[in-house]
Amino acid sequence: KSEVTAVAAAKKGPPPAPVRTALSILKSVPIRIDGIGTVQARSTVAIKSRIDGQLFAATVREGQLVKTGDQLFKLDPRQYQAQLKQAEANLARDNANLEKARADVTRFSKLSDKGISPVTKLEEVQTLVTTLTATISASTAAIEVARLNLGYATIRSPLDGRVGSILVTPGNMVKANDTQALLVITEIDPVYVAFGIPEQHITEIRARMAEGPIGVDVSPQGDPRPPLKGELFFINNAVDTATGTIQLLARFANREERLVPGQFVRASVTLNVLDNAVVIPSRAVQINQRGHYVWVVQPDET
């Protein structure tokens with residue numbers, strides 16, 4: 001009896017394998033090139049003092065957002081205020097001397113015409129007028145320099161960005177263009193994303209850029225929100241022989257600060273869009289020695 005049961009089971013065979021099906025649909029399919037990139041700040045500025053002096057106060061907080069022209073630091077201005085007053089006093093003295101010399105020129109000119117005063121005396125006062133005129137120009141320039149130095153006692157932001165760590169605390173002496181920066185400001189909107197693509201796509205990328213802007217999507221790691229959309233604007237002029245890739249740069253608005261300089265992101269370049277493409281689940285596509293194939297369910301369910 002057991003032998004009969006075994007033979008019957010063998011004839012019956014294994015149960016049919018369950019098959020899941022899905023509908024093919026028509027859809028626009030973007031042709032993309034993916035890569036791993038890094039976020040780069042468009043500008044990074046190390047703030048340094050342009051004059052020597054004692055750092056009075058830091059009027060900015062670490063991590064603060066600043067605008068162009070916002071005050072960052074205040075240096076002791078008293079020395080430069082005194083230099084400005086001295087330069088202004090020198091200019092006032094030179095103007096007074098010039099007025100007297102011009103009056104002497106008028107007086108000696110009349111006396112020389114009457115033969116009372118020698119011509120050499122007139123020439124001397126005329127030379128003095130020329131000398132004092134040049135001296136006044138130098139004094140005016142000295143005032144401008146003093147005003148500039150006084151203005152440098154207040155250090156302001158040269159760009160919009162986010163402040164990093166304050167590297168020199170108030171009370172310390174600073175020097176003009178010292179090797180130690182006071183702080184570093186990084187521009188965070190917009191930002192750049194640098195990424196590489198295989199060199200075989202260079203010709204296609206260049207052709208697409210000649211036709212118009214190329215869109216780039218980036219997704220920060222661990223960010224479930226939709227990708228950020230930017231625009232490709234630069235292709236490097238050399239291929240990295242070690243990796244066989246060429247570097248691209250894309251520009252992104254970053255008002256929400258989703259992108260942080262130095263961060264790794266996934267970048268995707270859209271080269272083209274196939275309209276009305278037949279789309280099926282990727283798991284349905286099989287492969288054999290002749291290439292890719294897919295099982296199609298006929299009307300009779302075979």
Side-chain angles (χ1 to χ4, degrees), residues 43-62 64 66-161 163-164 166-185 187:
S43 299
T44 300
V45 178
I47 302 299
K48 297 182 180 181
S49 175
R50 300 181 68 171
I51 57 174
D52 299 339
Q54 184 181 26
L55 191 62
F56 258 17
T59 55
V60 67
R61 301 186 307 277
E62 293 179 329
Q64 178 181 336
V66 294
K67 297 290 186 181
T68 302
D70 286 354
Q71 182 174 307
L72 305 175
F73 295 97
K74 187 74 175 179
L75 275 68
D76 185 355
R78 291 172 293 183
Q79 174 186 352
Y80 301 100
Q81 289 171 344
Q83 290 176 357
L84 177 59
K85 290 180 180 179
Q86 182 180 13
E88 290 173 342
N90 291 339
L91 178 61
R93 178 200 60 198
D94 295 337
N95 281 324
N97 291 334
L98 179 61
E99 290 298 323
K100 180 179 181 302
R102 284 173 175 168
D104 289 343
V105 168
T106 302
R107 182 163 55 89
F108 281 108
S109 179
K110 292 178 180 180
L111 293 176
S112 178
D113 291 341
K114 296 179 181 179
I116 300 175
S117 175
V119 176
T120 55
K121 188 63 176 179
L122 175 62
E123 292 175 346
E124 287 179 2
V125 293
Q126 288 175 336
T127 302
L128 181 60
V129 168
T130 303
T131 302
L132 288 174
T133 301
T135 302
I136 287 175
S137 297
S139 298
T140 303
I143 289 176
E144 293 300 321
V145 172
R147 284 176 178 164
L148 281 174
N149 288 334
L150 181 59
Y152 293 152
T154 302
I155 301 176
R156 301 185 181 276
S157 175
L159 76 164
D160 297 351
V163 174
I166 296 178
L167 305 176
V168 180
T169 55
N172 285 287
M173 297 295 297
V174 295
K175 295 181 179 180
N177 296 320
D178 200 356
T179 55
Q180 173 67 54
L182 301 178
L183 57 80
V184 176
I185 299 178
E187 187 177 12

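One-based numbering along the sequence shown. What's counted below: heavy atoms across the whole structure, side chains too, no hydrogens, waters or symmetry copies.
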- [ ] Using the test salt bridge (Lys or Arg N to Asp or Glu O under 4.0 Å), find all partners of Asp178 that sit at least two apart in sequence or belong to another chain.
- [x] none
Task: Check: Ile166 main-chain N/O paired with Glu62 side-chain donor or acceptor under 3.5 Å - done: yes
- [ ] Output all residues satisfying salt bridge (Lys or Arg N to Asp or Glu O under 4.0 Å) with Arg156, sequence neighbours left out; order by chain, then residue number.
- [x] none
- [ ] Could you walk me through whether Leu150 and Gln81 pass side chain to side chain contact (heavy atoms under 4.5 Å, CB included), step by step?
- [x] CA-CA 6 Å; Leu150 181 59; Gln81 289 171 344; 3.5 Å; yes
- [ ] First locate atom CD of Gln54, then atom CZ of Arg78, and finally report the distance between them rounded to the nearest 0.5 Å.
- [x] 8.0 Å
Open item on the list: Restricting to non-hydrogen atoms, name the atom on Ser157 and the atom on Val66 that form the minimum distance, rounded to 0.1 Å.
Closed with: OG-CG2, 3.6 Å
Open item on the list: Looking at Thr59 and Leu72, would you say the former's side chain and the latter's main chain have a donor-acceptor pair under 3.5 Å?
Closed with: yes
TODO: Could you list the residues that satisfy salt bridge (Lys or Arg N to Asp or Glu O under 4.0 Å) with Glu144, not counting sequence neighbours?
DONE: Arg147
Open item on the list: Let me confirm one number: the OG1-CG distance from Thr169 to Leu55, rounded to the nearest 0.5 Å.
Closed with: 7.5 Å
Task: Nearest heavy-atom neighbours spanning Phe56 and Pro170 - done: O-CB, 3.5 Å
TODO: Go through the steps for Ile51 and Leu75 under the test side chain to side chain contact (heavy atoms under 4.5 Å, CB included), then give the verdict.
DONE: CA-CA 9 Å; Ile51 57 174; Leu75 275 68; 3.9 Å; yes
Open item on the list: Applying side chain to side chain contact (heavy atoms under 4.5 Å, CB included) to Leu159 and Ile185, what does each step give before you reach the verdict?
Closed with: CA-CA 8 Å; Leu159 76 164; Ile185 299 178; 3.8 Å; yes
Open item on the list: Using a 6.0 Å cut-off, check whether atom CZ of Arg50 has over 12 heavy atoms from anything other than its own residue.
Closed with: no
Task: Atom of Leu132, atom of Ala101 and distance for their closest heavy-atom approach - done: CD1-CB, 3.8 Å
- [ ] Calculate, to the nearest 0.5 Å, the distance between atoms CG and CD1 belonging to Leu148 and Ile143 respectively.
- [x] 12.0 Å
Open item on the list: Please report the interatomic distance OG1(Thr133) to CG(Leu128), rounded to the nearest 0.5 Å.
Closed with: 9.0 Å
Task: Heavy-atom pair with the smallest gap, counting every atom of Gln71 and Val60 - done: O-CB, 4.4 Å
Open item on the list: Quick check on side chain to side chain contact (heavy atoms under 4.5 Å, CB included): which of Asp94, Asn97, Asn90, Leu91 does Thr135 satisfy it with?
Closed with: Asp94
Open item on the list: Looking at every non-hydrogen atom in both residues, tell me the closest pair between Ala181 and Val168 and how far apart they are.
Closed with: O-CG2, 3.8 Å
Task: Reported CG-to-OH distance for the pair Asp52 and Tyr152, which is rounded to 0.5 angstrom - done: 13.5 Å
TODO: Verify side chain to side chain contact (heavy atoms under 4.5 Å, CB included) between Val129 and Leu98, making sure each step is shown before the conclusion.
DONE: CA-CA 6 Å; Val129 168; Leu98 179 61; 3.9 Å; yes
TODO: To the nearest 0.5 Å, tell me how far Lys48 NZ sits from Leu167 CG.
DONE: 11.0 Å
